[in-house]
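Here the structure is laid out as structure tokens; the discussion comes afterwards.
As the structure is a computational prediction, the values presented were derived from the model and not from experiment. Note that ligands are numbered from 1 as they come in the structure, with each ligand's atoms numbered from 1 the same way.
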Amino acid sequence: MSATRPRARAADSTDVHDALTAALDASLDFLGSLEQRPVGATVDAGTLRARLDGALPTEGTDAAQVVRELVAAVEGGLLASTGGRFFGWVIGGTLPAAVAADWLTSVWDNNAALSSTSPAAAVVEEVAGQWLKALFDLPPHASVGLVSGCQMAHFTCLAAARHAVLARHGWDVAEQGCWGAPPVRVLCTRERHGAIDRALRFLGFGRSDVTALDPDGDWERALRDSAPTIVVLQAGEINTGAFDPFERLIPLATQRGAWVHVDGAFGLWAAASPRYRHLLRGVDAADSWATDGHKWLNTPFDCGYAFVADPAAHRAAMAFHASYITHATTTRDEMDWNPEWSRRARGFPTYAALRQLGRRGVADLIERCCRHAHTLVTEIGRLPGAECLAEPILNQGLVRFIDPHGREHDRRTDAVIAEINRTGEAFFTGTTWRGQRAMRVSVCSWRTSDDDVQRAIDCVRSVLATR
Ligand SMILES: *Cc1c(COP(=O)(O)O)cnc(C)c1O
């Protein structure tokens with residue numbers, strides 16, 4: 001007995017060492033090859049399934065071998081979306097300190113539900129939350145929830161909104177539920193992100209509860225009666241980066257007793273830049289704000305932030321107290337501020353990213369990405385066979401490709417995007433904007449360099465020349 005125990009421990013630590021070493025080698029290979037590897041996937045789902053999809057193994061496999069075989073099996077099926085020539089959707093890269101801290105988050109494996117399940121995670125979240133509020137110039141008393149992404153930040157903030165607007169009409173949603181409550185209406189801008197609709201659906205709102213208006217529409221009229229109302233505005237529209245007129249709409253809505261929530265998934269980051277923060281003028285008067293870390297801050301995925309100006313409403317919507325839980329008295333318990341129970345200590349990568357960059361580094365990152373987006377959209381838009389549809393206000397913009405033989409511009413645009421992506425030199429995605437297909441250009445990676453931008457433009461030029 002006593003002779004086997006130390007040996008078992010030694011074998012364990014060899015396993016850990018070998019598995020993590022295999023992961024470190026594979027990590028460095030992957031990150032080191034970003035300049036050369038195709039940006040898009042090079043194998044299809046059938047190939048991946050054939051490599052991965054045997055019967056559930058009966059016997060286990062050596063840990064390091066599992067890691068090495070996984071790395072080999074997914075080769076060609078990963079996007080180099082963390083690299084510098086990925087401009088699809090709105091997807092950031094990962095800063096070195098953030099990815100390293102994220103790795104340690106897994107190694108430490110602390111449950112960031114309560115301060116008693118990880119005092120360090122609780123304090124790091126507190127500090128990261130304070131830093132984020134300072135960076136975004138949000139009210140210092142606002143409460144913060146770290147969630148898995150902006151959609152869940154919407155869910156968190158809109159749950160607080162639902163609580164607050166119903167409480168103002170004498171209804172306790174935590175006690176009485178939604179059914180039978182005074183109807184809550186939602187006023188949104190028309191070109192909102194689908195994550196708003198999904199978050200609303202999870203909270204019991206249907207499509208018919210939502211009214212869409214143009215930013216310059218008749219909001220006075222829409223807000224005339226005193227029904228419980230949630231207004232959802234946008235900082236950074238995904239196609240053009242447009243900002244709603246906060247200075248006009250927020251005071252109007254709050255005077256009528258509405259709750260104003262702001263979708264700032266990437267647009268809230270404009271606050272970090274002296275050059276772009278004017279786009280957010282008046283946004284601090286809102287009731288809640290949602291944004292992402294995994295997009296523009298360049299933390300790994302699983303990182304969004306919810307801010308609520310009224311901590312009591314935030315807490316009322318999220319907190320839970322059970323007798324077996326040790327609740328903190330001096331540190332906050334994270335589970336009071338987000339919808340999860342057991343959860344990843346996602347404060348660590350946020351803290352690491354903010355420390356690596358500092359205020360100045362975040363401003364540089366934002367401004368650099370905006371400059372690159374502007375160059376990409378205007379230079380591609382000037383190529384023969386291309387047209388600029390929306391010059392970036394921030395880091396997002398649109399171009400399309402013109403059918404030289406007729407009027408099939410939509411089909412031509414999709415075909416050119418597919419062809420660009422097939423080259424492996426750059427990666428873009430399509431969108432439908434005001435009834436026409438377009439190629440969206442999104443720049444939110446710290447890695448994107450002048451050279452990457454030039455390579456992407458050259459790639460589009462040569463695709464257009466050969467088609
Ligand atoms: C990405 C995005 C969302 C959704 O955020 P997730 O982090 O993917 O949940 C919401 N709104 C806007 C404007 C976005 O760009």
Parallel, tilted or perpendicular, as decided by the 30° and 60° cut-offs, for the rings of Phe301 and His294: tilted
Under-4.0 Å salt bridge between [X] and [Y]:
X: Glu220; Y: Arg248; result: no
X: Glu387; Y: Arg400; result: yes
X: Asp458; Y: Arg455; result: no

Inter-residue atom distance Asp29.CG - Leu24.CG, 0.5 Å rounding: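 Rounded to the nearest 0.5 Å, the CG-CG separation comes to 9.5 Å.
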Approximate separation, where rounding is to 0.5 Å, of Glu237 CD and Ile393 CD1: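 Separation between the atoms: 8.5 Å.
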Residues in contact with ligand 1, criterion: heavy atom under 4.0 Å: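 Gly149, Cys150, Gln151, His154, His193, Ala195, Gly236, Ile238, Asp263, Ala265, Phe266, Asp292, His294, Lys295.
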